[in-house]
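Worksheet for the structure shown next.
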Amino acid sequence: MSVQTSADSRIIQSVFQVLLISLLVLGSGRWILDELKSNESRLFQLYGIRQREAVFVTKEDQLDESCNVFEGQWVWDNVSYPLYTEKNCPYLVKQTTCQRNGRPDSNYQNWRWKPNSCDLPRFPPMKIFKAEEYNASIEYYWAPFIVESISDHATKHTVHKRLVNLDAIEKHSKSWEGVDVLIFESYVWWMHQPKINATFGDTSEVREYNVTTAYKMALETWAKWFKTKINPKKQRVFFTSMSPTHLWSWEWNPGSDGTCYDELYPIDKPSYWGTGSNQEIMKIVGDVLNRVGEHVTFLNITQLSEYRKDGHTSVYGERRGKLLTKEQRADPKNYGDCIHWCLPGVPDTWNEILYAYLLRSHSNSF
Ligand SMILES: *[C@@H]1O[C@H](CO)[C@@H](O)[C@H](O)[C@H]1NC(C)=O
Ligand SMILES: *[C@@H]1O[C@H](CO)[C@@H](O)[C@H](O)[C@H]1NC(C)=O
Ligand SMILES: *[C@@H]1O[C@H](CO)[C@@H](O)[C@H](O)[C@H]1NC(C)=O
Ligand SMILES: *[C@@H]1O[C@H](CO)[C@@H](O)[C@H](O)[C@H]1NC(C)=O
Ligand SMILES: *[C@@H]1O[C@H](CO)[C@@H](O)[C@H](O)[C@H]1NC(C)=O
Ligand SMILES: *[C@@H]1O[C@H](CO)[C@@H](O)[C@H](O)[C@H]1NC(C)=O
């Protein structure tokens with residue numbers, strides 16, 4: 001039996017912040033790749049002309065409602081993973097292509113996330129294809145703090161100076177209205193220092209706030225917008241939890257003094273949780289989303305990503321738009337990036353989880 005996507009989700013326009021850019025690029029990247037595998041000529045039609053698409057889904061793809069997809073473990077699977085390669089996917093940004101950038105090992109690509117009581121559905125090559133009835137657009141929207149800030153320009157933004165308007169969201173939110181599927185994420189930009197300069201109300205009155213206090217105020221601004229502007233009958237909203245960092249190896253390897261550089265395996269301590277994921281922020285997100293209610297779906301990907309100290313770009317990424325020099329690579333302590341992720345890699349799993357939820361909601365509407 002096949003189920004066609006419901007009419008009200010013809011436009012899948014998503015909103016991602018900071019780290020999730022890879023997720024989006026990937027979402028379309030993989031889809032394109034599937035096309036490539038199944039029929040090369042179709043790929044170019046698809047991307048060139050942006051034709052309408054239909055997604056057909058079979059019963060076996062549908063996730064058991066009782067399965068908690070965030071609880072499970074990483075299992076070695078070098079048969080089905082990686083799902084695609086850097087070479088096959090021309091849309092990856094240099095920041096993420098660790099192999100091309102010189103990372104010598106590639107085992108980090110071969111781990112599959114296995115929830116305890118089910119399997120994640122795969123993007124099956126032959127089940128995604130283009131059809132005339134489908135009119136979708138996927139967008140990446142840059143707003144690193146969700147609310148307004150001086151870092152809102154997608155490329156011309158300051159990294160060190162931060163100033164956030166905690167009660168101003170309108171400039172961004174008007175772009176989100178009427179979108180069928182919205183996916184939010186905001187974390188790492190807040191975590192620069194324990195305090196952050198912000199305004200609330202009068203924009204000329206800048207004050208230093210504790211980051212957790214400021215984050216809470218910003219999220220409440222978002223929640224207020226959500227309650228007045230989101231139509232849960234027509235719109236689907238996701239909120240993704242923080243993407244963890246792995247800056248200090250002593251956290252998983254006591255006594256050591258490194259970073260995520262040269263880490264070749266996931267952490268296999270159950271429920272491992274490092275300092276890169278702030279528990280207070282997690283609690284704030286939980287509280288605010290609880291109050292917003294069932295109309296927002298929380299994608300709690302932090303724990304499963306916490307295990308993956310091996311998945312970061314480390315010295316095989318970019319710094320200020322340029323690949324690291326040989327000298328910089330020799331100094332992983334100062335130049336290693338233990339925040340961003342290689343692709344293929346961990347963000348694919350976030351993608352698969354999102355996909356699982358989208359399938360679930362489609363199956364529920366039939
Ligand atoms: C690929 O697409 C072409 C043109 O649409 C079609 O003629 C051909 O049968 C397809 N091949 C496969 C293997 O699906
Ligand atoms: C897959 O992993 C197994 C176990 O580590 C190894 O023996 C095998 O050579 C690997 N296969 C490939 C294609 O890498
Ligand atoms: C496709 O979607 C866009 C954006 O909503 C809309 O403006 C356009 O009319 C749609 N095209 C068709 C053929 O339905
Ligand atoms: C806040 O801004 C002031 C003035 O620019 C600056 O001196 C201070 O370091 C900033 N605080 C933070 C936490 O960035
Ligand atoms: C800000 O954080 C500091 C240190 O964690 C704490 O002592 C203080 O009470 C906090 N202030 C507010 C207003 O939450
Ligand atoms: C997200 O998952 C982690 C690990 O399972 C858990 O500690 C945390 O409380 C969860 N967050 C929320 C808001 O439910």
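Just so you know, ligand 1 is whichever comes first in the structure, and atom 1 is the first atom listed for that ligand. None of these values were measured; they are calculated from a predicted model.
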Going by the angle between their ring planes, with limits at 30° and 60°, are Y272 and H246 parallel, tilted or perpendicular?
-> parallel
Going by the order shown, which atoms of ligand 6 are within less than 4.0 Å of some heavy atom of [X]?
X: F298; result: 11 (N), 12 (C), 13 (C)
X: G286; result: 13 (C)
X: Q303; result: 4 (C)

Atoms of ligand 2, numbered as shown, that sit under 4.0 Å from any heavy atom of N78 | 1 (C), 2 (O), 3 (C), 8 (C), 10 (C), 11 (N), 12 (C), 14 (O)
What atoms of ligand 4 come closer than 4.0 angstrom to any heavy atom of K195?
-> 13 (C)
Under 4.0 Å from [atom], is there at least one protein heavy atom?
atom: atom 4 (C) of ligand 4; result: no
atom: atom 7 (O) of ligand 6; result: no
atom: atom 14 (O) of ligand 2; result: yes

Minimum-distance pair of heavy atoms, taken over all atoms of M242 and T302 | O-OG1, 2.7 Å
If you take all heavy atoms of D257 and S249, which pair is closest and at what distance?
-> N-OG, 3.7 Å
Under 4.0 angstrom from ligand 6, any heavy atom of F70?
-> no
Out of N300, N290, V285, whose heavy atom sits nearest atom 11 (N) of ligand 6?
-> N300
For atom 1 (C) of ligand 4, which protein heavy atom lies nearest, and how many Å away is it?
-> N197 ND2, 1.6 Å
Which residue supplies the protein heavy atom nearest to atom 9 (O) of ligand 6, what is that atom called, and how far is it?
-> M282 CG, 4.4 Å
Could you please spell out the steps behind the side-chain contact (heavy atoms from CB on, under 4.5 Å) verdict for Y265 and W111?
-> CA-CA 9 Å; Y265 291 95; W111 296 92; 3.7 Å; yes
Drop me the distance from L92's CG to L343's CG, to the nearest 0.5 angstrom.
-> 6.0 Å
Given side chains that start at C-beta, do those of D348 and Y84 come closer than 4.5 Å, heavy atoms only?
-> yes
is_close_aromatic(F239, W222), centroid dist under 6.0 Å = yes
Quick one: do the S243 and E185 side chains pair a donor with an acceptor below 3.5 Å?
-> no
Under 3.5 Å, is there a donor-acceptor pair between the S314 and R103 side chains?
-> no
Within the 4.0 Å heavy-atom cut-off, what E208 brings close to ligand 4 is side chain
